[in-house]
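Structure first, then comments.
Naming convention: chains lettered A, B, ... in sequence-line order (proteins, then strands); numbering from 1 in each chain.
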Amino acid sequence: MADYDVAIVGGGLLGSAFGWGLARAGARCVVFDEGDNAIRTARGNFGLVWVQGKGQNMPAYASWSLRASRLWGDFATELCEATGINLQYVKGGYDIAADEQELEQTIAGLKKIQAQMGGAAYDFEVLDHKVLKSEIPLVGNIPGATYTEHDGHCNPLLLLRALHQDMQAKGALYRPNCPVASVNPLSGGSYQLLDRSGNVLATAGKVIVSAGHGSRRLNEPLGIDLPIRADQGQVLVTEKVAPVMKHASSSVRQTDNGSFLLGPSSKDVGHDTRTDLKTLAAIASRCITIFPFLGSLRLQRAWGALRVMTPDGNPVYQQSEAHPGVFSFACHSGVTLAAVHAFEVASWVTDGVIPAEFGVFHPRRFNV
Amino acid sequence: MFRRGQEIANPVRFKFNGQTITSEDGDTIAAALLAAGVTHFRTAPEDASNRGPLCMIGNCFECLVDIKGKGSRQACRERVVEGMSVRSHPGLVVPKAQP
C-alpha cells in the first residue's frame, strides 16, 4: 500500500490549496516544496482575487473565476477561523482606466464576456469620472472605471501561510527544502517520488504536479505536455500612509499596513526576476495618471516575479492518459482560484476524474 | 549605547525634535543620532512602539524621519547638513488629492 493517497509536488499557492482541500476531505497527503532558491511565484503575487477581464477567449475560464470569487468569502472565513490568520480579504474591485481608449477597451471586453456567458451572472458597473471621484476622491483627471463586487484583494503571503499551517493541522505532511526530481510509475498503479540521488521520498496512489515553472521537467519523462512560459511582472511598493482606498483596483491597491502596491507589467524575459528602470517607470507613470498623489510618495521597494503563463492565458487542468492518477495543473491565478482549487479540484483528484465540463482546460486545445 | 571611536573633528550641527545635535561631517542622520544617544527615532503607527534603526543599510525602513523641506526619509541614507531640521516621522500621513 502506498504511503499516501496523494503526493503533491509544489508548495506554492496551487499545491497548498490542493493539499489543504485534500487534508480537509480526509485524504492522506504530502506536499513537497523546494527551497527558497526555487522560482517563488507565490511570493511575488499582487494579491488580487480577480474576475474582470479574465476568459475573453474562453468563457469557461470566466465562469470558473466567477465561481472562485463567490466561494472566496467562505474560504477566507474558514481559514481564518481555523488558523486565526486574517487574510485581509476585501470584496469589490475597480478596473480604473488611465485614458478613454483604455476605458472603451475594458467595457468592450467585459461586454464580450457577458454576452458569451448569457448576461445576468456576469454583472459589472461602469462608473464615469464624477461617480468614481465621489467613491475615491484621490483619483486624477481620468475618464472612469468599471467596478464589480466579484473582484477583491487579500494578503497573498498570509493566504500561503494559512494554507501551510492549516493543511498540517488537518494531517497533511508539508516537506519544505525537499525537491522532487522524478515521478516513477509502479506496476500496481501507484507512484514513487524520487529525489536527485534516486532515493524514494514517498509512494502515493495519486500525484499532482503543480510545481509552477518546475512542472515541465517532472512532466516530460511521463509524456505529459505542459506548454507554459514565464511572464515577468514587476511591482512597486510605496511608503505607508493612512488608509484611503479600501477596494483594490487592478493596477493599484493599498495593503492593510498602508503601503500602496503598483503594477502591473508583462515581459517575456525567461526566468529573470530582475526589475528594470524602464518597466518600473512605465508602471509608476500610469499609476500616477490614475492617482496623482502617488507621485509624492516615497518608494520602499520593487520586485519582479514570474507568472506561470499558458499560450492562451487560461488554466491547464489535465490527468495523464498513459499514467492515470498523475494530474498536472498550472495557471497564473493562484490567489483567485485558490478557493475552487481547495473546494473542488481536490475532489477531482480523489475521485480520479476531471469532470467533463472542465475538459476545455486540457492542453490538447493548443494542438488543433 | 553607542560612542564615537574618534573625537568630532569637523562638527556639523542640526536639530532633532528641536534639540541641537552635534555630529561629524559625513555622518548619516542615523549614525549621528545614535552617537548622540538617541534610539527612539519614531513611534510606529501600527502599535505605538518606539522604533529606531535596525539594519543601517537602507532595507528595514525602521529609521524613518521627517526632514524639513524633504519629507519622509530613511535616516540611515541621508547625510547631516549644517542647520537642517529633522523630526520624528509623523506616522501615517493622510495623502491629499493634487490639483
Smallest heavy-atom separation, P95(B) atom then A242(A) atom, equals CD-O, 4.1 Å
Measure distances from V241(A) to the heavy atoms of chain B and classify the residue's part below 4.5 Å as side chain, backbone, both or neither.
-> both
Hey, is CZ on R4(B) packed in by over 12 heavy atoms from elsewhere, all under 6.0 Å?
-> yes
Let me check something: any side-chain donor-acceptor pairs from residues 53-62 of chain B under 3.5 Å, sequence neighbours excluded? List them with distances.
| from | atom 1 | to | atom 2 | distance (Å) |
| --- | --- | --- | --- | --- |
| E62(B) | OE1 | R42(B) | NH2 | 2.8 |
| E62(B) | OE1 | R51(B) | NH1 | 3.0 |
| E62(B) | OE2 | R51(B) | NH1 | 3.1 |

Distance (rounded to the nearest 0.5 Å) between E239(A) CD and L64(B) CG = 7.5 Å
Listed by residue number, which members of residues 132-158 of chain A have a heavy atom under 4.5 Å from any heavy atom of chain B?
-> P137(A), L138(A)
Within a radius of less than 6.0 Å around CD of E82(B), do more than 12 heavy atoms belonging to other residues, nucleotides or ligands occur?
-> yes
Toward chain B: residues of residues 40-51 of chain A with heavy atoms under 4.5 Å | none
For chain A, which residues of residues 84-93 of chain B have heavy atoms nearer than 4.5 angstrom | H89(B), L92(B), V93(B)
Hey, is CZ on R161(A) packed in by over 12 heavy atoms from elsewhere, all under 6.0 Å?
-> no
